[in-house]
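Quick note: numbers below take in every heavy atom, side chains included, and nothing from hydrogens, waters or symmetry partners. Reminder, nothing fancy here: chain letters follow the sequence lines and each chain counts from 1.
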There are 2 protein chains.
Amino acid sequence: MAEQLTIGELARRTGVATSALRYWEDLGLLPAPARVSGQRRYPPSAVRLVGVVMLLRDVGFTLREVKAFIAARSPAGDGWRELYQRKLTELDQRIAQAQVARTVIAHGLACPHRDIFECSNFAGGVAALLAGSSLEEAHEEIHSH
Amino acid sequence: MAEQLTIGELARRTGVATSALRYWEDLGLLPAPARVSGQRRYPPSAVRLVGVVMLLRDVGFTLREVKAFIAARSPAGDGWRELYQRKLTELDQRIAQAQVARTVIAHGLACPHRDIFECSNFAGGVAALLAGSSLEEAHEEIHSH
DNA sequence: CAACGACTTCAAGTACGCTTGAAGTCAAAT
DNA sequence: ATTTGACTTCAAGCGTACTTGAAGTCGTTG
């Protein structure tokens, strides 16, 4: 039981290149697996771990953040709670942004205007964006001047 | 009226560095603005345009994709419809993934397990991920073997 | 008129996330 | 015994998205 996977098999099952898996290991994202005559042998659970890394990476976290995220859990300290909370907030912002983007693009598709920027609905979507993100200074600028 | 912005003002209002704005212009993302004795003068609408670029960039599109997205609208052709439709689909996938990630992280926060991977709920979230994305081969592997 | 601050170009450098290539090892099949 | 295929390490290269630094140009201000 618990058949071990070679790096090639892990790559096939996850869709992640072997070179990338070695790179992730170098970065400390994946634990160094057992070796059989020099070759890596992964436990089946590695598939899940790789999945988590992919998920977090695809969702906009850097590999260092993913590392911190995974590694944070072991110590007895509460540091990880803070980290998880921050990530959760980031993720909520990301989802909200993606939904604004979705609205904007969907409207772009539906709107007959040649120049999308002439369209008030489109502008409205962007205005929603302006309210959040790093454009808060803009908000103050507009109201103070 | 229609007071023109210097690159510095545009940077302040958008939160994007002047160097990045020039880079975006080089890439063809932003149209070359008017010049007053060599210096760029942007129309106020540039703030909105920069906002759109930021939005799409932050949501995971490359700058080339953003360029295509913005530029696609001008020609009389229908090529842009296809592009918008594809982007919309990509975006829906991204949102779905982000929501899975959110669930996973939220659970990680709520779950008392020391090792998150021991938790079946966590595994369930990841399993949801495995069903989509590039892990479809894995799905076939699992069922064929 | 000198200095200041904000702008200009252009080339080079940086961080991230990998990929590619060279050279070698190992187990199994021919 | 040699060939095949999958693996190994290590260094270098690449695409994306910028930043940084040098050297120079403006318009204003003292």
Side-chain angles (χ1 to χ4, degrees), chain A residues 3-43 46 49-70 90 94 133-134 137 141, chain B residues 3-43 46 49-70 90 94 133-134 137 141:
Chain A
E3 55 173 85
Q4 306 275 95
L5 306 172
T6 64
I7 198 170
E9 284 162 14
L10 183 57
R12 250 172 282 117
R13 295 197 189 186
T14 58
V16 177
T18 59
S19 56
L21 292 172
R22 292 197 195 93
Y23 176 67
W24 290 3
E25 186 180 324
D26 285 353
L27 286 189
L29 252 130
L30 302 181
R35 300 253 181 171
V36 171
S37 65
Q39 297 191 3
R40 292 168 179 81
R41 288 301 133 89
Y42 296 91
L49 179 53
V50 170
V52 173
V53 173
M54 291 171 73
L55 179 64
L56 297 177
R57 179 202 60 181
D58 291 350
V59 135
F61 296 152
T62 67
L63 295 187
R64 276 93 191 160
E65 287 175 321
V66 174
K67 178 185 172 173
F69 184 82
I70 291 172
E90 276 178 50
R94 247 183 252 282
S133 86
S134 60
E137 303 99 312
E141 277 284 317
Chain B
E3 56 174 81
Q4 304 277 94
L5 307 172
T6 64
I7 197 170
E9 285 163 11
L10 184 56
R12 249 173 284 115
R13 295 197 188 186
T14 58
V16 177
T18 59
S19 56
L21 291 173
R22 292 196 195 92
Y23 176 66
W24 290 2
E25 185 180 323
D26 284 353
L27 286 189
L29 252 131
L30 304 181
R35 302 251 179 171
V36 172
S37 65
Q39 297 192 3
R40 290 167 180 82
R41 289 300 134 88
Y42 295 91
L49 179 53
V50 169
V52 173
V53 173
M54 291 172 73
L55 178 64
L56 297 177
R57 180 201 58 181
D58 290 351
V59 134
F61 296 154
T62 67
L63 295 187
R64 275 92 190 163
E65 288 175 321
V66 174
K67 177 185 173 176
F69 185 82
I70 292 172
E90 275 177 51
R94 248 184 252 282
S133 84
S134 60
E137 303 99 312
E141 278 285 316

Respond yes when some side-chain nitrogen or oxygen of [X] is under 4.0 Å from OP1 or OP2 of [N], and no when none is.
X: A:Arg57; N: C:dC16; answer: no
X: A:Arg40; N: D:dT9; answer: yes
X: B:Arg41; N: C:dA6; answer: no
X: A:Thr6; N: D:dC7; answer: yes
X: A:Trp24; N: C:dC18; answer: yes
X: B:Ser37; N: D:dG27; answer: yes

Rounding to an integer number of Å, can you tell me how far [X] [atom1] sits from [N] [atom2]?
X: B:Met54; N: D:dC18; atom1: CE; atom2: C1'; answer: 14 Å
X: A:Lys67; N: C:dC16; atom1: NZ; atom2: P; answer: 12 Å
X: A:Leu30; N: C:dG17; atom1: CG; atom2: C1'; answer: 14 Å
X: A:Leu10; N: D:dT8; atom1: CG; atom2: C1'; answer: 16 Å
X: B:Asp26; N: C:dA11; atom1: CG; atom2: P; answer: 11 Å
X: A:Leu27; N: C:dA15; atom1: CG; atom2: C1'; answer: 12 Å
X: A:Tyr23; N: D:dT9; atom1: OH; atom2: P; answer: 16 Å
X: B:Leu21; N: C:dC7; atom1: CG; atom2: P; answer: 11 Å

Let me know, please, whether B:Phe61 or B:Val36 comes out on the 5' side of the other along DNA chain D by nearest nucleotide. B:Phe61
B:Thr18 or A:Glu9: which one's nearest nucleotide on DNA chain D is closer to the 5' end?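 Result of the comparison: A:Glu9.
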Tell me if a side-chain donor or acceptor on A:Arg57 pairs with a main-chain N or O of A:Val66 at a distance below 3.5 Å. no
Give [X] one of three labels, base, sugar-phosphate or nothing, depending on what nucleic acid heavy atoms sit under 4.0 Å from its own.
X: A:Ile7; result: sugar-phosphate
X: A:Arg35; result: sugar-phosphate
X: A:Ser19; result: base
X: B:Arg22; result: base

Comparing A:Gln39 and A:Ala17 on DNA chain C - which has the more 5′ nearest nucleotide: A:Ala17
Please determine whether a side-chain nitrogen of the Lys or Arg among B:Glu9 and B:Arg13 lies less than 4.0 Å from a carboxylate oxygen of the Asp or Glu. no
Output for pair (A:Thr14 OG1, A:Leu49 CG), nearest 0.5 Å, gives 10.5 Å
Given the rule in the side chain to side chain contact (heavy atoms under 4.5 Å, CB included) test, do A:Val50 and A:Tyr42 qualify, once you have shown the distances and angles that lead to the verdict? CA-CA 11 Å; A:Val50 170; A:Tyr42 296 91; over 6 Å; no
Are the side chains of A:Arg41 and A:Arg35 in contact, using a 4.5 Å heavy-atom criterion? no
Side chains of B:Ile7 and B:Gln39, heavy atoms from C-beta outward: is any pair under 4.5 Å? no
